[in-house]
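Worksheet: the structure to be examined is printed underneath.
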Amino acid sequence: MAKYPLRVLALVYLLFLLVLPVGLVVWRTFEKGLQPIADVLTSENFTHAFAVTLSVALWAVLANTVFGVGAALLLVRHRFPGRRLLGALIDLPLAVSPVVVGLALILVYGKFAPVGGWLERHGFQIIFSLPGMVLATIFVSLPLVVRAIVPVLEEMGDEQEQAAHTLGANRWQTFLRITVPGIRAALGYGVVLCLARSLGEYGAVAVVSGRLVGQTQTATLFVEERYQNYDQTAAFTTASALALIAIVILLITKLLRPKEND
């Protein structure tokens, strides 16, 4: 009999925490009709903010995909001193505030930091530019691909890979023909999660970007800037667009989720 009260509690919790706030944003988006929405979607600042967001997200996903596959193989297929420490470091972004991440990047790559100053003297700016935003996004989404692949690799074992080596396959052939097909669903799931996290990142990017309108402004920063300047139509339209993207990504993750994780 306890299952019915628990269901009601869960539904009420989600109603007030998720459905009502998101529903209110969508309602405020369409309350003045479609023309203001069209004006926002075709405005230069909106399109530039989304272009920056997509650029940052794609670079972050690419870097974390390559690192994630390599790190997962290293953690599962090899035993070495410091293995647990490496796993803990990979999970560190889940515990550290994104704002702290942004501040740490400024301390390392800022204009007055030794590393950042040397890079800027050689014509490569990190902070208040796209590279710094990409680094911040990579950091906050770092564990997602790794943690999606590791359980699948552990369940697969390495018997098939060893058999392929015995039959004369080299490491690259074994990886492409044995490992990749085995982790394909988990890899896709991790990549989609990483993309969702990258598209919605705010805290770390807000610190390292400088929030320069028309230059280093992402979609999430655009929402804040428009709302603070009393342009609620632009803020709500952009927020609704981000929510729609999140829903689509959620549906994709449901399709790509490995069966063993259900």
Side-chain angles (χ1 to χ4, degrees), residues 44-72 74-75 80-147 190-191 193-229 238 242:
E44 183 179 353
N45 286 338
F46 175 88
T47 54
H48 185 273
F50 258 91
V52 172
T53 300
L54 289 175
S55 179
V56 170
L58 290 177
W59 280 111
V61 169
L62 178 61
N64 279 336
T65 299
V66 175
F67 172 80
V69 174
L74 182 63
L75 290 172
F80 55 90
R83 177 172 169 270
R84 291 186 177 181
L85 177 61
L86 176 61
L89 290 176
I90 290 174
D91 291 332
L92 183 63
L94 297 175
V96 176
S97 168
V99 176
V100 175
V101 173
L103 178 60
L105 289 175
I106 289 178
L107 293 177
V108 176
Y109 298 107
K111 181 178 181 179
F112 300 104
V115 176
W118 183 85
L119 290 173
E120 289 209 16
R121 287 193 298 272
H122 289 78
F124 194 70
Q125 182 179 355
I126 301 294
I127 302 302
F128 304 146
S129 64
L130 189 66
M133 300 163 68
V134 172
L135 285 176
T137 307
I138 288 173
F139 188 97
V140 298
S141 57
L142 182 69
L144 299 176
V145 176
V146 180
R147 293 310 172 192
V191 167
L193 285 179
C194 183
L195 177 61
R197 184 69 179 87
S198 300
L199 290 173
E201 173 54 27
Y202 171 82
V205 170
V207 175
V208 301
S209 67
R211 312 187 190 195
L212 303 177
V213 177
Q215 297 182 43
T216 60
Q217 188 180 59
T218 61
T220 52
L221 299 178
F222 180 77
V223 172
E224 182 200 30
E225 185 264 331
R226 287 293 83 201
Y227 190 80
Q228 290 182 347
N229 285 279
T238 309
L242 289 171

Inset, instruction - Provide the closest heavy-atom pair for Val145 versus Gly68 in the form atom of the first, atom of the second, distance. - result: CG1-CA, 3.9 Å
Legend entry - From CA spacing to verdict: side chain to side chain contact (heavy atoms under 4.5 Å, CB included), Val52, Met133: CA-CA 10 Å; Val52 172; Met133 300 163 68; 3.7 Å; yes
Less than 4.5 Å apart, any side-chain heavy atom of [X] and any of [Y]?
X	Y	result
Leu58	Leu62	no
Ile126	Leu119	yes
Pro131	Phe124	yes
Ser198	Val61	yes
Asp91	Arg147	yes

Inset, instruction - Please say whether more than 12 non-hydrogen atoms of neighbouring residues, nucleotides or ligands are located less than 6.0 Å from CZ in Phe80. - result: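 Enclosed: over 12 neighbouring heavy atoms sit under 6.0 Å from CZ of Phe80.
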Inset, instruction - Please collect all ring-ring contact (aromatic ring centres under 6.0 Å, His included) contacts where either partner lies in residues 47-68, sequence neighbours excluded, each pair once. - result: Phe46-Phe50
Legend entry - Residue pairs fulfilling salt bridge (charged side-chain N to carboxylate O under 4.0 Å, His left out) with at least one residue in residues 106-117, sequence neighbours excluded: none
Inset, instruction - Carefully, step by step, assess Leu130 and Thr216 under the rule side chain to side chain contact (heavy atoms under 4.5 Å, CB included). - result: CA-CA 7 Å; Leu130 189 66; Thr216 60; over 6 Å; no
Inset, instruction - State whether the side chain of Ser55 and the backbone N or O of Ala51 hold a donor-acceptor pair below 3.5 Å, judged by distance alone. - result: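 Judged by distance alone, no pair lies under 3.5 Å.
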